[in-house]
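Take a look at this one; I'll ask things after.
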Amino acid sequence: MSVERKYSSNVKEVRLIKSANPNFKEPITNVTASVGREAKLACAVQDLGAYKVAWLHINTQTILTIANHVITKNHRIAVSHSDHHTWFLHIREVRESDKGGYMCQINTDPMKSQTGYLEVVGIGIGGVDVKVCEWAKGLEKELPGEIGISWETILATPGIWVKVFQRTIDFLRRSIIARSLHGKLIRISEVPPDIVDYETSTDMVVREGSNVTLRCAATGSPKPTIVWRREDGQPIFLGKRENVTAVDGPNFNITKVSRVHMGAYLCIASNQVPPSVSKRIMLIVHFPPVILVPNQLVGVQEGQQLTLECHSEAYPESINYWTKDKHEIVPQGGKYEPIRRENAYTVYMKLTINSVGPSDFGSYKCVSMNSLGDTDGSIKVYPITSSSNSSSSNTRHKGKLRHNSSNDVFDGNQDMLKERDLKFRGRKGTNGNEADDYDDSGVMTIENSLTLIFFLVTYTIYLQHHPQLRTLHPA
């Protein structure tokens, strides 16, 4: 089928041609939903072209949606599509009155349509359907008379009985018989928890240092409790060196959020009615790069292999590279082997230099930058000579090796000791045996010096005990 329309203006004539032949790809699958839950019906079409899809409720003869627009004033109705191929009708907080047939139409000529059905059941335990029975006369007497709320109000306000009948909560859990608007009986029992998506936080992106609140809402009977945990099982940092494994409550407040808070969190709702439910919320923290340099001064001998190391933290993901001296980027390959290893928001940078040469000494920088800023860390590489690297415990004198001892005070005056030793022994150095005399004097000098010291100490003690001698010898 082809329809052609002509639009004229002062400038040009535009022709709009609709040549598609749309059809339904598959039948609508019938859906069964519990009271208070969400129902979704799907209508699959093909070759839609410029035609539009509409949803109608057959029981009430109400047009609900046309294309992307919601026509009804019912706030519980919504529409979505998957690339115009599958059109979904969403009915939130399903009620008994929502059951019946729903028609999916394509506005062709003649119109094309197909129908799916929604079955609504009462609330059960763990997904078991609720039984419907006949109305019991005088049922109102089973409930506390002082409440003073009509059955119509209870039925028109989902969940109100949970708030009103706290004194008879045990009775409500076991069995409550309530009359529906159609005069039937519905047995209301325990309801497993369900997370309310539109009242719960989604994935968040925040700047480091800001305050964050994660929210989680859930329905069920009894009222569910909310617990927050990290998906990776790590403790949650609350500040002031306080770490906890879980946070209770629907609102999770983080003051001055930091990079350690980044990760996936689980909002877990439970009320002792299985199964518990959870929702995953990703918290992403943005911050500029920070660099840590373990060793800023590194010495190496020529010909050896050297590895420089830097640790960078940044998010969003940073660009990392090495520079040398005049900000020249260190090339990859050859003698240079840069290595990058990532872990969450941390990047471990290494630069290996094979066979270090004279041109490799100098200053290196590890650079990190992202959309929020950039920074760098410096490492100084200096040469080490073989002589300075060796720690010798020996000292050479005139070509002969001597070991240091506790008498190092005599090592700097070998010539003077030699001359004194020769005089003390009544000998003079000969031309041919100077080296031998030097060696002997090295031993004799120490012995004679010790003898002299011993003599002086003994003489001093003697003088202290003989005052008369001290008078005769004042020196």
- Gap between atom SG of C43 and atom CD of Q114 - 0.5 Å precision: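 So the CD of Q114 and the SG of C43 are separated by 4.5 Å.
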- Quick check: does any side chain N or O of N107 sit under 3.5 Å from a backbone N or O of V53, one acting as donor and the other as acceptor?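 Side chain of N107 to backbone of V53, a donor-acceptor pair under 3.5 Å: no, none is there.
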- Query: Is the closest side-chain donor-acceptor distance between H90 and S80 under 3.5 Å?
  - Reply: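 A donor-acceptor contact under 3.5 Å links the two side chains.
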- Query: Under the side-chain contact (heavy atoms from CB on, under 4.5 Å) criterion, do I268 and I226 qualify, and how do the steps go?
  - Reply: CA-CA 6 Å; I268 305 172; I226 306 296; over 6 Å; no
- K112, NZ atom: more than 12 neighbouring heavy atoms under 6.0 Å: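 Counting other residues, nucleotides and ligands, NZ of K112 exceeds 12 neighbours.
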- Would you check if L214 and M204 make a side-chain contact, meaning some heavy-atom pair closer than 4.5 Å?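 A side-chain contact under 4.5 Å exists here.
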- Do I291 and C366 have side chains that get closer than 4.5 Å, going by heavy atoms?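 Side chain of I291 against side chain of C366, heavy atoms only: contact under 4.5 Å found.
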- Give a yes or no on whether the backbone of H85 and the side-chain of D83 come within a donor-acceptor separation of less than 3.5 Å.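 Absent.
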- Message: Enumerate the salt bridge (Lys or Arg N to Asp or Glu O under 4.0 Å) contacts for residues 298-319, please, sequence neighbours excluded, ordered by first and then second residue.
- Response: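 Salt bridge (Lys or Arg N to Asp or Glu O under 4.0 Å) check on residues 298-319 returns R259-E313, E317-R340.
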- Query: Quick one: does P383's side chain get under 4.5 Å of Q301's, heavy atoms only?
  - Reply: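 They are not in contact (no side-chain heavy atoms under 4.5 Å apart), so the answer is no.
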- Hey, does the side chain of T375 reach the backbone of V290 with a donor-acceptor pair shorter than 3.5 angstrom?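 The answer is no, because no donor-acceptor pair under 3.5 Å joins these two groups.
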- Item | Rounded distance (nearest 0.5 Å) linking atom CD1 of I63 with atom CH2 of W55 |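 One finds 14.5 Å between CD1 of I63 and CH2 of W55.
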- Please examine the side chains of R229 and V227, heavy atoms only from C-beta on, and report whether any two atoms are closer than 4.5 Å.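 Counting from C-beta outward, V227 and R229 do come under 4.5 Å.
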- Item | Listed partners of T62 passing side chain to side chain donor-acceptor pair (under 3.5 Å), at least two apart |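 Side chain to side chain donor-acceptor pair (under 3.5 Å) list for T62, sorted by chain: T60.
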- Task: Go through the steps to decide whether Q305 and T352 satisfy the test side-chain contact (heavy atoms from CB on, under 4.5 Å), and finish with yes or no.
- Result: CA-CA 7 Å; Q305 185 184 77; T352 299; 3.8 Å; yes
- Task: Measure from the side-chain N and O atoms of Q61 to the backbone N and O of I58, and report whether any donor-acceptor pair falls under 3.5 Å.
- Result: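 Side chain of Q61 to backbone of I58, a donor-acceptor pair under 3.5 Å: yes, one is there.
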- Message: Check whether N370 reaches the backbone of L372 with its side chain - one donor and one acceptor, N or O, closer than 3.5 Å.
- Response: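 Side chain of N370 to backbone of L372: a pair is present.
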- Interatomic spacing from NZ in K40 to CG in L89 - rounded to 0.5 Å: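 If I round to the nearest 0.5 Å, the distance is 11.0 Å.
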- Does any N or O in the side chain of N30 come within less than 3.5 Å of the main-chain N or O of Y117, such that one atom is a donor and the other an acceptor?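 Flag set: sc N30 to bb Y117 pair under 3.5 Å.
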- Query: Is W322 close to C310 at the side-chain level, that is, under 4.5 Å between some pair of heavy atoms?
  - Reply: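 A side-chain contact under 4.5 Å exists here.
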- Task: Please list, chain by chain and in numerical order, all residues satisfying salt bridge (Lys or Arg N to Asp or Glu O under 4.0 Å) with R341, sequence neighbours excluded.
- Result: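 Partners of R341 under the salt bridge (Lys or Arg N to Asp or Glu O under 4.0 Å) test: none.
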- Query: Hey, does L56 have a side-chain heavy atom less than 4.5 Å from the side chain of Q105?
  - Reply: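 In short, these two side chains touch, coming nearer than 4.5 Å.
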- Query: Who passes salt bridge (Lys or Arg N to Asp or Glu O under 4.0 Å) against K335, sequence neighbours left out?
  - Reply: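 Expected list: D360.
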- Donor-acceptor pair between N320 and S318 side chains, under 3.5 angstrom: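 The answer is yes; a qualifying pair exists.
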- Item | Other residues, nucleotides, ligands: >12 heavy atoms within 6.0 Å of K52 NZ |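 Incorrect, the count does not exceed 12.
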- Can you tell me how far the CH2 atom of W87 sits from the OG atom of S82, to the nearest 0.5 Å?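 Answer for the CH2-OG pair, W87 versus S82, is 10.5 Å.
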- Task: Assess whether side-chain contact (heavy atoms from CB on, under 4.5 Å) is satisfied between I77 and I91, documenting all intermediate values.
- Result: CA-CA 5 Å; I77 303 297; I91 307 174; 3.9 Å; yes
- Pairs where residues 265-286 contributes a residue and the test ring pair (Phe, Tyr, Trp, His ring centres under 6.0 Å) is met, not counting sequence neighbours: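 Every pair satisfying ring pair (Phe, Tyr, Trp, His ring centres under 6.0 Å) with a residue in residues 265-286: F252-Y265, H286-Y315.
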- Going from OG on S368 to OH on Y321, what distance comes out if it is rounded to the nearest 0.5 angstrom?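 That separation rounds to 9.5 Å.
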- Item | side chain to side chain contact (heavy atoms under 4.5 Å, CB included) partner of L283, chosen from R230, M262, H261 |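 Going through R230, M262, H261 one by one, the side chain to side chain contact (heavy atoms under 4.5 Å, CB included) with L283 is satisfied by H261 alone.
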- Which heavy atom of I281 sits nearest a heavy atom of T200, and at what distance?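 Result for this residue pair: CD1-CG2, 4.1 Å.
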- Message: Could you measure the distance from the CG atom of N354 to the OH atom of Y336? Nearest 0.5 Å is fine.
- Response: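 Here the rounded value is 10.5 Å.
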- Decide yes or no for I28 and T115: does some side-chain heavy atom of the first lie under 4.5 Å from some side-chain heavy atom of the second?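 No, side chains not in contact.
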- Message: Would the distance check show the side chain of S201 and the main-chain N or O of R215 forming a donor-acceptor pair, the cut-off being under 3.5 Å?
- Response: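 Yes: the side chain of S201 pairs with the backbone of R215.
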- So, R280 and D203, do they make that salt bridge, N to O below 4.0 Å?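 Between D203 and R280 there is no salt bridge, as every charged N stays at least 4.0 Å from the carboxylate O atoms.
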- Whether D194 side chain and T219 backbone form a donor-acceptor pair below 3.5 Å: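 Judged by distance alone, no pair lies under 3.5 Å.
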- Message: Taking atom CG as the centre, does L292 end up with more than 12 heavy-atom neighbours from other residues, nucleotides or ligands that are less than 6.0 angstrom away?
- Response: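 Count over threshold, so yes.
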- Query: Given side chains that start at C-beta, do those of F237 and I254 come closer than 4.5 Å, heavy atoms only?
  - Reply: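 The answer is no, as the side chains (C-beta and beyond) never meet within the 4.5 Å cut-off.
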- Message: Can a donor-acceptor pair be found, under 3.5 Å and without considering hydrogens, that links the side chain of D197 to the backbone of T202?
- Response: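 Judged by distance alone, no pair lies under 3.5 Å.
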- Partner set under side chain to side chain donor-acceptor pair (under 3.5 Å) for T213, not counting sequence neighbours: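 With neighbours one apart ignored, the set is N253.
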